[in-house]
Amino acid sequence: MKTIRLILPLLVIALNPELSRASSEATENGRPNIIFIFTDDHAVQSIGAYGSTINETPHIDRLAEEGAVFLNSFCGNSICQPSRATVLTGQHSHQNGVLRNGDLFEPDLLPVQHLFRKGNYETALIGKWHLRPEPTGFDHWEILPGQGRYYNPDFIRMDGTRHRETGYCTDLITEKTLDWLENREDPDRPFLLMSQHKAPHRNWAPALRHLSMYQDEDVPEPATLFDDYAGRTELLQQTVMRLSHDMNWGYDMMLHGKKLFPERFIDNVGHLEYERMNVEQQEVWDSYYEPENESFIRQMKAGELSEDDVTRWQYQRYIKNYLRTVAAIDDGVGEILDYLAKTGQDENTIVIYSSDQGFFLGEHGWHDKRWMFEESLAMPFLIRWPGVIAPGTRSEALIQNIDYAPTFLEIAGLPVPEDMQGRSLLLIFRDGGNAPGDWRDAIYYEYHENDGWGNVPAHDGIRTDRYKLLFFPRTREWHLFDLREDPHELRTVHDDPAYAEIFAGMQKRYRDLRAYYGVNPATLPAARTDEEWWRERHAETREAARTGDADLVFIGDSITQRWEREGNEVWEEFYAHRNSLNLGFGGDRTEHVIWRLDRGGFPQDPPRAIILKIGTNNTGHLMQDPAEIAQGVRQILG
């Protein structure tokens, strides 16, 4: 068996002469406008241009028919805020600092909109922002607070005022997008417009006009709907995002009243979108859903449905609502394309369609994302650029969302900052979708939330055109998938002798890419909150740090924590009376200390002295390079 190629990709971190010429040619008749339509959780398997067998998206497909579709487009971290930060910075999560939902997005990273504004582009953001703090670098913005609502949503304006509008969120964002295009302050300047949707994010509440879609038909089930997770890590069985048992009675399944059948539905947080509707909207909604709901409840009480039957009902309720929310997005894309044609702006306006990550549409029995499996990893990228991209282009180049920012900048003829880790796609656009010879042969993926929503463990890995390698730090497990022979990723072959050479080559490629992108686990905040004792101890020590004013603080691993056990007598004799605080956690590494200190685990008033003993577990557990560990220690001290 042949080994994979082990050629390091040559990333473009500055404009080279060839790209400069390409940018100049593309913009010699006026710099193009860019409309970036960005959705949330839109899976490629629900887009016609990607071969969907469950729905149609005629307007999104127009971008592929009149431009290009990228068939191997992937995210670097399959969760909302990290992916959005990557799009704006051209940097992987470990580089831009937004590792998890809730992490602060630092505006001084100079996200792409600031660079466009400096380059005399008019910039606008409309719809879902979902980063902290509020947007900067836009001439105009109007955003949803947080996730936003599907029905009668609130919007926040640049002056800080919040207002509620009657209607459906997707339609309102499209209307606001068209209104901005129609009433621009300076129509002579080129523009970068980011039109960003809530849909099709959970809880998949469709527009009233789409409630009848799929009413009298069943959407085909994915082949792995009843995956038993055999042949892979036991961590898969611990995931809390199963269609069969982890869907909410009201919020997800659109069922009214007190939760029934607790063995099949999670705690009820309420039918929040229904509560948001006015009486007229509720009447239309109920006229569709209530007959189905009443039939389902009657069958359940009568014992007429098997376990698999209930899962199938849950799948149909979920997938139909999901696809209906996609239909409204597709309508909006059509309106924007029609407007550009009507106003004569279509020839000099690039339209890009993408989403922050993929999504499980019942594959492996799941909804949601996070895992490095294909359905979650893949993200759509379709682009129409008249006169540059040939209609009907289909590219198999390996691209990621780190490539978006440098691509936007190259298109506009603007310089690409050296700290961007992605590479402009301009040469691929101009060469019929073909990647240049020095293009990357693998993409890197990282996920950091560990025990966050869904109980998906932290993991990272790489993907080539055929193979995928994953590593799970929690269990020290490797997985290797042959995507050609096993497209559904049902069996890891990392321990199959026939794949020994491939496995070794992929491990080397993994290490090379991590080194290339500067991935150092010793410096990346990581939690052990899946361990109850660790979680409880963190809460206790954080409270002690918050309320106390320690003069002497011990920070470390078991060597430090054991002062409370084997070394208690010595502690009482020499340290207790010195107003000391013990922040030792057995088994901790530098990254765990960083996480704890970042989250209130250190006294607000600086102590007189600190004793730091950390790093042994980095070497003992991970066999980590001492130079990397030293960086983690320096970050703690900093």
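If you're wondering where the values come from, they're calculated on a predicted model, not measured in any experiment.
- A donor-acceptor pair is defined here as one N or O able to donate and one able to accept, closer than 3.5 Å; such a pair exists between the side chain of Thr123 and the backbone of Asp139.
- Ring to ring, His364 and Phe373 are close: their centroids are under 6.0 angstrom apart.
- Residues Tyr516 and Tyr444 fail the side-chain proximity criterion, which asks for heavy atoms closer than 4.5 Å.
- Classification of Asp40 and Arg202 as a salt-bridged pair fails, no side-chain N sitting under 4.0 Å from a carboxylate O.
- Residue Leu612 holds its CG atom at 9.5 Å from OG1 of Thr590, rounded to the nearest 0.5 Å.
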Candidate pair Arg370 and Gln357, rule side chain to side chain donor-acceptor pair (under 3.5 Å), full reasoning: CA-CA 9 Å; Arg370 303 168 197 268; Gln357 62 260 322; over 6 Å; no
Side chain to side chain donor-acceptor pair (under 3.5 Å) between Thr233 and Glu477, intermediate numbers included: CA-CA 8 Å; Thr233 176; Glu477 291 177 280; 2.6 Å; yes
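- Side-chain atoms of Thr86 come within 3.5 Å of backbone atoms of Gln91 as a donor-acceptor pair (strictly under, hydrogens ignored).
- Taking a cutoff of 4.0 Å between a charged side-chain nitrogen and a carboxylate oxygen, Glu375 and Lys369 do not qualify as a salt bridge.
- Here the side chain of Asp403 pairs a donor or acceptor atom with the backbone of Gln400 at under 3.5 angstrom.
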Audit row: Trp366, Trp371, ring-ring contact (aromatic ring centres under 6.0 Å, His included) steps and yes/no: CA-CA 11 Å; Trp366 293 331; Trp371 286 102; 5.7 Å; yes
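- Proximity of the aromatic rings of His538 and Trp595 is defined here by a centroid distance below 6.0 angstrom, and this criterion is met.
- Using cut-offs of 30° and 60° for the angle between ring planes, the Tyr318 and Phe359 rings count as tilted.
- No side-chain heavy atom of Phe481 sits less than 4.5 Å from a side-chain heavy atom of Tyr467.
- Remark: side-chain polar atoms of Thr492 are not paired, donor with acceptor, to backbone N or O of Arg232 under 3.5 angstrom.
- The 12-atom threshold is exceeded at CZ of Arg476, counting heavy atoms of other residues, nucleotides or ligands nearer than 6.0 Å.
- Using a 4.0 Å cut-off between charged nitrogen and carboxylate oxygen, Arg264 and Glu307 count as a salt-bridge pair.
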Verdict with reasoning, Tyr575 to Asn582, per side-chain contact (heavy atoms from CB on, under 4.5 Å): CA-CA 10 Å; Tyr575 302 117; Asn582 189 341; over 6 Å; no
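- Here the side chain of Ser73 pairs a donor or acceptor atom with the backbone of Met379 at under 3.5 angstrom.
- In this structure, Arg537 is positioned above the aromatic face of Phe585, its NZ or CZ under 6.0 Å from the six-membered ring centre and within 45° of the axis.
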Intermediate values then yes/no, ring-ring contact (aromatic ring centres under 6.0 Å, His included), Tyr274 and His256: CA-CA 9 Å; Tyr274 186 83; His256 285 312; 4.4 Å; yes
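- A donor-acceptor pair is defined here as one N or O able to donate and one able to accept, closer than 3.5 Å; such a pair exists between the side chain of His459 and the backbone of Pro457.
- A donor-acceptor pair under 3.5 Å is absent between the side-chain atoms of Asp246 and the main chain of Phe265, judged by distance alone.
- Judged purely by atom type and a 3.5 angstrom limit, Asn520 has no side-chain atom pairing as donor or acceptor with the backbone of Gly632.
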Ser354 vs Tyr404, side chain to side chain donor-acceptor pair (under 3.5 Å): CA-CA, chis, key distance, verdict: CA-CA 10 Å; Ser354 186; Tyr404 290 16; 2.8 Å; yes
From CA spacing to verdict: ring-ring contact (aromatic ring centres under 6.0 Å, His included), Tyr510, Trp478: CA-CA 11 Å; Tyr510 168 82; Trp478 292 96; 5.3 Å; yes
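- Residues Asp41 and Lys198 are not paired through a salt bridge, judged by the lack of any N-O separation under 4.0 Å between the basic side chain and the carboxylate.
- When the shell of 6.0 Å around CD of Glu569 is examined, it contains 12 or fewer heavy atoms from other residues, nucleotides or ligands.
- Taking 4.0 Å as the cut-off between side-chain N and carboxylate O, Arg528 and Asp588 count as a salt-bridged pair.
- When side chains are defined from C-beta on, Asp103 does not count as touching Gln81, because their heavy atoms never get closer than 4.5 Å.
- Under the 4.5 Å side-chain criterion, counting only non-hydrogen atoms from C-beta, Ile611 is in contact with Lys613.
- Across all their heavy atoms, Met194 and Phe408 have their closest contact at CE-CE1, 4.4 Å.
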Arg578 vs Asp551, salt bridge (charged side-chain N to carboxylate O under 4.0 Å, His left out): CA-CA, chis, key distance, verdict: CA-CA 7 Å; Arg578 300 181 188 278; Asp551 292 322; over 6 Å; no
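- The only option from Met506, Glu374, His479 that meets the side-chain contact (heavy atoms from CB on, under 4.5 Å) definition with Lys468 turns out to be Glu374.
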Check against salt bridge (charged side-chain N to carboxylate O under 4.0 Å, His left out), Asp460 and Arg514: CA-CA 10 Å; Asp460 70 346; Arg514 282 165 59 97; 2.5 Å; yes
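- Checked by atom type and distance alone, the side chain of Gln421 pairs as donor or acceptor with a backbone atom of His92 at under 3.5 Å.
- Glu263 CD: more than 12 foreign heavy atoms inside a 6.0 Å radius.
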Step-by-step side-chain contact (heavy atoms from CB on, under 4.5 Å) determination, Phe602 to Ile610: CA-CA 11 Å; Phe602 191 74; Ile610 299 171; 3.6 Å; yes
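- Looking only at side-chain heavy atoms (C-beta outward), Arg317 and Gln314 stay at 4.5 Å or farther from each other.
- Residues Ser195 and Phe36 have side chains not in contact (no heavy-atom distance under 4.5 Å, counting atoms from C-beta outward).
- Formation of a donor-acceptor pair under 3.5 Å by the Asn77 side chain with backbone atoms of Leu99 is found in this model.
- A salt bridge links Asp154 to Arg276: one of the charged nitrogens lies within less than 4.0 Å of a carboxylate oxygen.
- Under the side-chain contact (heavy atoms from CB on, under 4.5 Å) test applied with Leu88, the options Pro135, Ser83, Pro111 reduce to a single match, Pro111.
- No side-chain heavy atom of Glu573 sits under 4.5 Å from any side-chain heavy atom of Val570.
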Pair Arg463-Phe74, side-chain contact (heavy atoms from CB on, under 4.5 Å): steps then yes or no: CA-CA 9 Å; Arg463 186 198 190 280; Phe74 303 107; 3.4 Å; yes
Derivation of the ring-ring contact (aromatic ring centres under 6.0 Å, His included) call for Phe554 and Trp571: CA-CA 11 Å; Phe554 287 74; Trp571 176 272; 5.1 Å; yes
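- No side-chain heavy atom of Asn579 sits under 4.5 Å from any side-chain heavy atom of Leu552.
- Arg84 and Asp356 are joined by a salt bridge, as a carboxylate oxygen and a charged side-chain nitrogen come within less than 4.0 angstrom of each other.
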Working for side chain to side chain donor-acceptor pair (under 3.5 Å), residues Thr39 and Ser355: CA-CA 4 Å; Thr39 54; Ser355 187; 3.2 Å; yes
Worked check of side-chain contact (heavy atoms from CB on, under 4.5 Å) between Glu591 and Asn618: CA-CA 9 Å; Glu591 56 264 37; Asn618 293 73; 3.2 Å; yes
